[in-house]
S.K.: 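After the structure tokens below, expect a handful of questions from me.
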Amino acid sequence: MRWSQTLIPTMKEVPSDAEIPSHQLMLRAGLIRQLMAGAYTYLPLGYRAIRKAAEIVRQEMDKAGAVEIFMPALQPIELFERTGRKDAFGNVLINFPIRRRDHEIHMALGPTHEEVVTDLMSKLVNSYRQLPITVYQIQTKFRNEERPRFGVLRTSEFLMKDAYSFGTSLEQLNDAYTKMYDAYCRIYSRCGLEYIPVEAESGAIGGDASHEFMIPAENGEDSIVRCTACGYAANLERADTGRQQSALAGVDSSTEVKTVDTPGMGTMDAVAEFLKVETSQMIKTLIYLADDKPVGVLLRGDHEANEGKLRRALEAETLELADELTIEEVTGAPVGFAGPTSLKCKYIVDHDVAALVDAVAGANSLDQHLTGVNPGRDFAVEQTFDLRNAVDGDPCPRCEGTMEFVHGIEVGHVFKLGTKYSVSLDAEFLDEKEKRHPLVMGCYGIGVNRIIAGLAETCHDENGLIWPMSIAPYEVELIPLNVKDEVVMQEANRIYDELTSAGVEVLMDDREARPGFKFKDADLVGIPLRIVVGGKGLKDGIAEVKWRTGSDAERIPLADAASHVIGLVQAEKSRLASG
RNA sequence: CGGGAUGUAGCGCAGCCUGGUAGCGCGCUUGACUGGGGGUCAAGAGGUCGCAGGUUCAAAUCCUGUCAUCCCGACCA
């Protein structure tokens, strides 16, 4: 492709709307333009990169035995009503009525396709002999994000590969899951991405039933906890803290419990400042409703409750923070003064609370707190649990190491669904004994746009993007220095033709511009290999070949330049392909 | 949905406080020079100052409303 014949609107200046590197660079390098918040046009370079990523995904899905289909983005709202996800999605589900002849049809734009695919399989699959099977598609998804942001990282419309496995049993599900997991690893390494598979909140099935694939990136929206020693990684919601049942530290303390006035101090920070103690020396008492029964949750003052862990520890179906009325009932005080002593409901204690000595806690009375509170002595502690979000420096649950926080961009999610959708949508099969069972499902998603945005976010320098060969919109950028010089253009065209007929994707910057201008644009756009023809080199009969990441150019005789570059491209591609 | 910020030419910005001919840089067009890391000179094109209403002889500027975009938070199967 000749630059003059395509559409690559590079920009020298940074558009003021863009804050993070990927957004800025994708705009400046002419990959995308915004239509409105959360919706972007992909220009030629951007779309080529998208298609390359999608093709790698497609190849690996096929290799893993999944079959490609294509489902409608338009979906009847009834399907979402049957699975209860109309409410679960809420405002995120884009849905609307349309008129058709004399009646109204209510439809949704697919945010994902569990409903549609399960409905499909319920009609197509009758027998265990047809199972297992995994289908996938690459398709635009629609979600009314409350707040689209970070350029292309969080949009209301995005390209997603979604795969769904159907099987007769947990064994078949586990097998499909493993195949997808492995395929995902191959996909990301072929895309030249650094990635971390992390354990994610898994819902009903439990265990290791869900993994997210994260690109470590400062601007990532997700918090990951990772062990520096053994590689254990999980998202914040899921991460175990590695804290164990601790012995009661303060039973021998001779400090007596004292009541102190804390007028108007209803928050941790206010009390901490007023009493000149650290929040880590305080006991936070939260009142939850677990299956509609009040329960106190005791945490160290500087920790945050993790509702997933709470729910499991309490074996509760539903869990929500209690309303003010309930809090006043069980504590005898307004919100902000709850404490573990004299609590009129049962309570549950986090591991770290038991280790506190002479702590500060609410007094269950307006404008009063207690000092010198010791777990075990001043309130009963029979058992402790892991109830909180992990924090930086927590011990690893798997080894002796400590854990650190990393931010990440979620680029994929594999999930064992079980029978949730097959039950609500009556997707069943007949086993060998003519008994009916619901299909056992898994679902597996990859955000294709995010692969591109994630690369832009993590692979760049001060001059611009740096694409891996496998995703780069073009593999080689060819720069004739002076397009008005016939000899230069003759050589450049020859090299261009040789490369193109060998299947190498070449972008030739045939614009009439000064060399420096073209070099700056070349760096911005980030094509991995650059060939320069003209000037001093031409007089010596050589072309200059340079990697985007390299500092020095190789001088190659003009006649050999194309074949040399073909070799480089092939070597780099196979390096990425082998992972 | 709560909090904050910004809307003036394709991009980046000034002008607004103190109302009176809409400006600068980049980019774009034409020509000349130049030619190895975002050139120089000259001549041009391009804006109902987000939109609506109000105040005023007069509004980019003051007032009210509204829309859009961005950031923080809440939310994110």
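Order of the sequence lines sets the chain letters (A, B, ...), proteins ahead of strands, with each chain counted from 1. Computed from a prediction, not measured in an experiment: that's the story for all the values here.
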S.K.: In whole angstrom, give me the gap between the C1' atoms of B/G4 and B/U48.
M.R.: 31 Å
S.K.: Hey, is the side chain of A/Asp521 pairing donor to acceptor with the base of B/G38 inside 3.5 Å?
M.R.: yes
S.K.: Using Watson-Crick or G-U wobble geometry with both distances below 3.5 Å, tell me the partner of B/U29, or none.
M.R.: B/A43
S.K.: Between B/A74, B/G38, B/G36, which one does the side chain of A/Lys536 approach most closely?
M.R.: B/G36
S.K.: So, taking the atom named CZ in A/Arg2 and the one named CG in A/Leu478, what distance separates them when rounded to the nearest 0.5 Å?
M.R.: 9.0 Å
S.K.: Contact class for A/Gly90 (heavy atom, under 4.0 Å): base, sugar-phosphate, or nothing?
M.R.: nothing
S.K.: Hey, could you give me each pair passing ring-ring contact (aromatic ring centres under 6.0 Å, His included) that has a residue in residues 21-48 of chain A? Not counting sequence neighbours.
M.R.: A/His23-A/Tyr40
S.K.: Under a 3.5 Å cut-off for both distances, is B/G12 Watson-Crick or wobble paired, and to whom?
M.R.: B/C24
S.K.: Short question: side chain of A/Trp467, backbone of A/Tyr474 - any donor-acceptor pair under 3.5 Å?
M.R.: no
S.K.: Go through the steps to decide whether A/Phe166 and A/Val117 satisfy the test side chain to side chain contact (heavy atoms under 4.5 Å, CB included), and finish with yes or no.
M.R.: CA-CA 10 Å; A/Phe166 298 86; A/Val117 78; 3.8 Å; yes
S.K.: After noting the C-alpha distance and the side-chain angles of A/Trp547 and A/Leu529, does the key distance pass the side chain to side chain contact (heavy atoms under 4.5 Å, CB included) rule?
M.R.: CA-CA 5 Å; A/Trp547 289 96; A/Leu529 271 171; 3.6 Å; yes
S.K.: Please confirm whether any donor atom in the side chain of A/Arg530 sits under 3.5 Å from an acceptor in the base of B/G37, or the reverse.
M.R.: yes
S.K.: Between B/C75, B/G38, B/G37, spot the one nearest the side chain of A/Glu146, thanks.
M.R.: B/C75
S.K.: Which part of the nucleic acid does A/Glu512 contact within heavy-atom distance under 4.0 Å: base, sugar-phosphate only, or nothing?
M.R.: nothing
S.K.: Out of curiosity, A/Phe213 CZ to A/Ile451 CD1, how far, rounded to the nearest 0.5 Å?
M.R.: 11.5 Å
S.K.: Would you call A/Arg85-A/Glu114 a salt bridge at under 4.0 Å N-O?
M.R.: yes
S.K.: Mind running side-chain hydrogen bond (donor to acceptor under 3.5 Å, both in side chains) on A/Lys416 and A/Asn174 for me, showing each step along the way?
M.R.: CA-CA 8 Å; A/Lys416 294 183 189 175; A/Asn174 288 339; 2.6 Å; yes
S.K.: Any salt bridge linking A/Glu221 with A/Arg149? Criterion: basic side-chain nitrogen under 4.0 Å from a carboxylate oxygen.
M.R.: yes
S.K.: A/Arg147 side chain: which of B/G37, B/C11, B/C71 is closest?
M.R.: B/C71
S.K.: Checking all strands, does A/Lys141 fall into the base, sugar-phosphate, or nothing category for heavy-atom contacts under 4.0 angstrom?
M.R.: nothing
S.K.: Pairing donors with acceptors under 3.5 angstrom, does anything connect the side chains of A/Arg311 and A/Tyr288?
M.R.: no
S.K.: Sequence neighbours left out, what passes side-chain hydrogen bond (donor to acceptor under 3.5 Å, both in side chains) with A/Thr10? Give chain and number order.
M.R.: A/Asp521
S.K.: Can you pull out the residues from residues 155-167 of chain A that lie within a 4.0 Å heavy-atom distance of RNA chain B?
M.R.: none
S.K.: Regarding A/Asn91, tell me which of base, sugar-phosphate or nothing describes its non-hydrogen contacts under 4.0 Å with the strands shown.
M.R.: nothing
S.K.: Regarding A/Arg33, tell me which of base, sugar-phosphate or nothing describes its non-hydrogen contacts under 4.0 Å with the strands shown.
M.R.: nothing
S.K.: So if I take every side-chain heavy atom of A/Pro515 and compare against B/G36, B/A74, B/G37, which nucleotide ends up nearest?
M.R.: B/G36
S.K.: So which protein N/O to nucleotides 6-9 of chain B N/O distances come out below 3.5 Å?
M.R.:
none

S.K.: Under 3.5 Å, is there a donor-acceptor pair linking the side chains of A/Asp510 and A/Ser4?
M.R.: yes
S.K.: Could you please name the partner base of B/U56, counting Watson-Crick and G-U wobble pairs only when both distances are under 3.5 Å?
M.R.: none
S.K.: Given the P atoms of B/G47 and B/C11, what is the spacing between them in whole Å?
M.R.: 14 Å
S.K.: Are a donor atom and an acceptor atom from the side chains of A/Glu457 and A/Asn219 found within less than 3.5 Å of each other?
M.R.: yes
S.K.: Go through the N and O atoms of the side chain of A/Arg514 and the base of B/G38, and report whether any donor-acceptor pair is under 3.5 Å.
M.R.: no
S.K.: Within the sub-3.5 Å range, which N or O atoms of nucleotides 66-70 of chain B have a protein N or O partner, and how far apart are they?
M.R.:
{"from": "B/U69", "atom 1": "OP1", "to": "A/Ala37", "atom 2": "N", "distance (Å)": "2.9"}
{"from": "B/U69", "atom 1": "O2'", "to": "A/Asp17", "atom 2": "OD1", "distance (Å)": "3.3"}
{"from": "B/U69", "atom 1": "O2'", "to": "A/Asp17", "atom 2": "OD2", "distance (Å)": "2.8"}
{"from": "B/C70", "atom 1": "OP1", "to": "A/Gln34", "atom 2": "NE2", "distance (Å)": "2.9"}

S.K.: B/G2 pairs with which nucleotide, Watson-Crick or G-U wobble, both distances below 3.5 Å?
M.R.: B/C72
S.K.: Sort out the partner of B/G7 for me: Watson-Crick or G-U wobble, both distances under 3.5 Å, none otherwise.
M.R.: B/C67
S.K.: Just do the side chain to side chain contact (heavy atoms under 4.5 Å, CB included) check on A/Val476 and A/Leu507 with the steps written out, would you?
M.R.: CA-CA 6 Å; A/Val476 175; A/Leu507 176 65; over 6 Å; no
S.K.: Taking atom C1' in both B/A9 and B/C28, compute the distance separating them and give it to the nearest angstrom.
M.R.: 11 Å
S.K.: If only side-chain N and O atoms count, and only distance matters, is there a donor-acceptor pair under 3.5 Å linking A/Lys161 with A/Tyr184?
M.R.: yes
S.K.: Just the table, please: protein N/O against nucleotides 22-30 of chain B N/O, every pair under 3.5 Å.
M.R.:
{"from": "B/G25", "atom 1": "N2", "to": "A/Glu13", "atom 2": "OE1", "distance (Å)": "2.7"}

